[in-house]
> 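This is the structure I want to talk about, given as structure tokens.
Below, chain A is the first sequence line, B the second, and so on; all start at residue 1.
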Amino acid sequence: MSTPQPAGPGAPPDPPPGILARDLHRSFGTVRAVAGVDLTVRRGSVTALVGPNGSGKTTLLLILAGLLAPDHGSVLVAGADPGSSATARSRVGWMPDAFGTWDSLTAVEVLTTMAGAYRLPAGQGRARAWELLRTVHLDDLAAAPAHTLSRGQKQRLGMARALINSPEVLLLDEPASGLDPRSRIEMRSLLRGLAAAGTTVLISSHVLAELDEMVDDAVFLSRGRTVSSEQLRVGVTERRWRLRTLDGPALQRWASAARVTLHPDTDAPDGAGSVLVDLTDDAAAAALLAAAVGAGVPVVSLAPVSGRLEQAYLSLDTERR
Amino acid sequence: MTTFDVPLEPGHPLDPAPPGPDTSARAISWQGVRTIAVLELRQRIRSTRWRVALAVWFALVGLVSILIGGAFAALGGDPTWSFGLVLMFVLGLGLVVAPTLASTAINGDRNAGTLAILQVTLLSPADIAVGKLLAGWAAALAFLAVSLPFLIWSALLGGTTVAGFFLSIVVLALLLGVVCAIGLGFSALTARTAGSSVLTYVAVASLTVISLILFALTAPLVTTTEEVEVYGVSEEAMAGDQTYECETFTAQREVTHTERTWWLLAINPFVILADTGAQPGLDPRDSGPFEAIRSATNQVRSGPPDVHQECWLDSAPPPTVDDAAPIWPWGLAANLLLGAVGLAVAIRRLRVPYRTLPGGTRVA
């Protein structure tokens, strides 16, 4: 496996990416799990890794975590090769999709064990463990054996475990499954806070809506290859919004006068009172709303039909496996 | 004089990692080993089955020891047998329990999803393997420690020397560690915990029983008819009418060359322990089990004698016990080698990143 050279004096001035993967391939027997992944994750961003089942998300994360060697291609995570470098290991946090807990250990012991595994001195490890328990709101369960925790609590403990070494790059495989809505919101603010402090976060999930509000970028995988990577906060394309009104005919009259193209809403629960409209950005939505209300149309709501990710995902025309 | 001003590029980390192999995660470290060993022991100690097992063990060894001691007292026999019998019982029971202590350490963790999260840390494969081995061994030593009162009691009844007692305990402890290491190796090789447990028991059976059977079965293979030196009454002398007199002559005899197969006995943990506990210079015919096993093994090891004794005229000379060359260092070394192989296999199989995955396993 060849490793890219570190950025030389002639390198571009922007910071090196948190994760850089070039032309990754990995097969298991005849199954080509990863077949040509190119990935650049900006330092300090939260990036979604999106793809249907079997598209190679977990395999890709295993390669990035340094557990699987790629058959071909090169990886740099936090500036080092995860497969052969202790430096990369010390800078990466990984939370697998399915993981176990040491059943008879207490939550705080799980974290101090991990701290020891990262060679933190005992006192420092204990302090870090308690800090993280408070972060994921498990400090009142610190002395409870791990097997008594609920699924969502275990998931939060898993997140704390991945953060024990204060990683520069955080790899999360389906971290939100099993979390209640409140915990999801807390995870979102935790990840945004980490990203603001410079941590690079790569997060995979099936539930696009839960990623939508927290990610900056998205990488789409299909059949083991990257099909698209988008910077969602930059250059948002036209989105479809749903406009609901109490008076359908009045809306139609206003729309034809204002030359707004309306599409029939086939999914709407309340028939004629709901239509779809394509808008470029939030400002366009605000302007549309102001105009419609100003014209006396009794508008109930105007909201995006689907999340940005979902829209991007569906527009990819990926085939389901 | 020219000075070079090296500007720091903005945004670059001050400590850029040199991409490429660095060996710090490959070496073994005390902190890493201790982290794993403490983790494993904590899990073991907190399960209630563990305490029950120790209690059952204590009761079992105690019962057998008292029965052995009582039997000799009641029959008025020589109590020198008691230490040998109790030690053999503890070894036998230990060989039954030790495989369970480490033979699921790696594949069990892999199935439970708790192995990969350790492999991504700074722990080296050697840290994980040695930590798990130490934890399994410590558990085995706990069983040995529970049996110590009865071992000491039976040793006080007689049947061994002070040096023999301590040597036997140390060698027994090492043998239990070897079984743990073999189990660890199998747990790294197989995907299912049942498979590695069975393989470990097969390995223990091979060392103790199957080696014995093989030794017996290979006896015909190493038996040949040869011209050998015989000391006795020759056939010519028998045919003649002169007085019978023993002399040395050459004759055809069936000779079993056990010196070629003696190692099958030497690797047997029971033989090794008998050799360490035996009292030097005792007549094997009227002493304990250790001396009997030791003298038999020594005979087998030296193979056929240079001169076959067939003289029935003289009273037979007492069998000599060869104390000069103990067998146990050979046997112990062979066992330690097996354990080292098991440990090496485990370390090798724990190495990440995986290039090939063992059949039927997932990384995480």
Side-chain angles (χ1 to χ4, degrees), chain A residues 3-7 9 11 13-16 28 43 58-59 62-63 65-71 76 78-105 109 113-119 121 145 158 161-162 164-165 168 173, chain B residues 6-7 9-13 15-27 29 31-40 42-48 50 108-124 127-128 131 351-357 359 362-364:
Chain A
T3 312
Q5 292 303 306
D14 49 297
F28 298 103
R43 204 170 273 259
T58 294
T59 306
L62 287 175
I63 293 173
L67 283 168
L68 263 185
D71 297 332
L76 274 187
D81 175 6
S84 62
S85 160
T87 320
R89 282 171 193 282
S90 65
R91 293 178 179 176
V92 176
W94 172 66
M95 179 176 167
D97 57 343
F99 61 90
T101 43
W102 298 298
D103 275 349
S104 44
L105 262 62
E109 283 168 347
T113 299
M114 286 303 284
Y118 279 107
R119 307 201 197 286
R161 195 165 57 185
I164 195 83
N165 56 332
E168 286 177 28
D173 201 351
Chain B
V6 184
E9 283 178 79
H12 278 238
D15 51 339
D22 52 78
T23 50
S24 55
R26 293 283 173 262
S29 72
Q31 196 201 0
V33 169
R34 197 189 49 201
T35 300
I36 295 293
V38 167
L39 168 67
E40 295 274 312
R42 264 189 184 148
Q43 296 193 87
R44 258 181 234 276
I45 288 167
R46 287 187 193 165
S47 79
T48 48
W50 170 246
D109 271 17
R110 191 179 276 138
N111 295 347
T114 52
L115 186 65
I117 52 176
L118 290 174
Q119 287 175 299
V120 297
T121 66
L122 290 177
L123 293 173
S124 70
D127 287 340
I128 299 177
R351 208 166 273 168
V352 286
Y354 293 112
R355 284 177 204 287
T356 52
L357 280 180
R362 274 172 65 94
V363 178

> Do the side chain of A:Arg89 and the main chain of B:Gln119 share a donor and acceptor less than 3.5 angstrom apart?
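Yes, the answer is positive, given that a donor and an acceptor are paired below the 3.5 Å cut-off.
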> For A:Met114 and B:Thr121, which heavy atoms make the closest approach, and how far apart are they?
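The answer is CE-CG2, 3.7 Å.
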> Heavy-atom pairs under 4.5 Å with chain A are the metric here; pick the option from B:Asp109, B:Leu118, B:Val38 that has the most.
B:Leu118
> Find the one option among A:Gly158, A:Ala117, A:Ala65, A:Ala162 whose heavy-atom pairs under 4.5 Å with chain B are most numerous.
A:Ala117
> Looking at every heavy atom in both B:Pro353 and A:Gly83, which two are closest together, and how far apart are they?
CD-O, 2.9 Å
> With a 4.5 angstrom heavy-atom cut-off, could you sort out which part of A:Asp173 is near chain B: side chain, backbone, both or neither?
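Neither the backbone nor the side chain of A:Asp173 comes within 4.5 Å of chain B.
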> If I measure from the heavy atoms of chain B, does A:Thr59 come under 4.5 Å with its side chain, its backbone, both, or neither?
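Interface part for A:Thr59: neither.
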> Identify the two heavy atoms, one from A:Leu105 and one from B:Arg42, that lie closest to each other, and give their separation to 0.1 Å.
CD1-CB, 3.9 Å
> Identify the two heavy atoms, one from A:Gly66 and one from B:Val352, that lie closest to each other, and give their separation to 0.1 Å.
O-CB, 3.8 Å
> Could you give the distance from CZ (B:Arg46) to CH2 (A:Trp102), rounded to the nearest 0.5 Å?
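Rounded to the nearest 0.5 Å, the CZ-CH2 separation comes out at 13.0 Å.
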> Output the distance between atom CG (A:Leu67) and atom CG (B:Leu115), rounded to the nearest 0.5 Å.
9.0 Å
> Does any heavy atom of chain A fall under 4.5 Å from the side chain of B:Leu39, the backbone, both, or neither of them?
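Looking at B:Leu39, backbone and side chain both touch chain A.
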> Please determine whether side-chain contact (heavy atoms from CB on, under 4.5 Å) holds for the pair A:Val92 and B:Val120, giving the CA-CA distance in whole Å, both sets of side-chain angles, and the decisive distance to 0.1 Å.
CA-CA 8 Å; A:Val92 176; B:Val120 297; over 6 Å; no
> Taking all non-hydrogen atoms of both residues into account, name the closest pair between B:Gln43 and A:Ser104 and its distance.
CA-OG, 3.3 Å
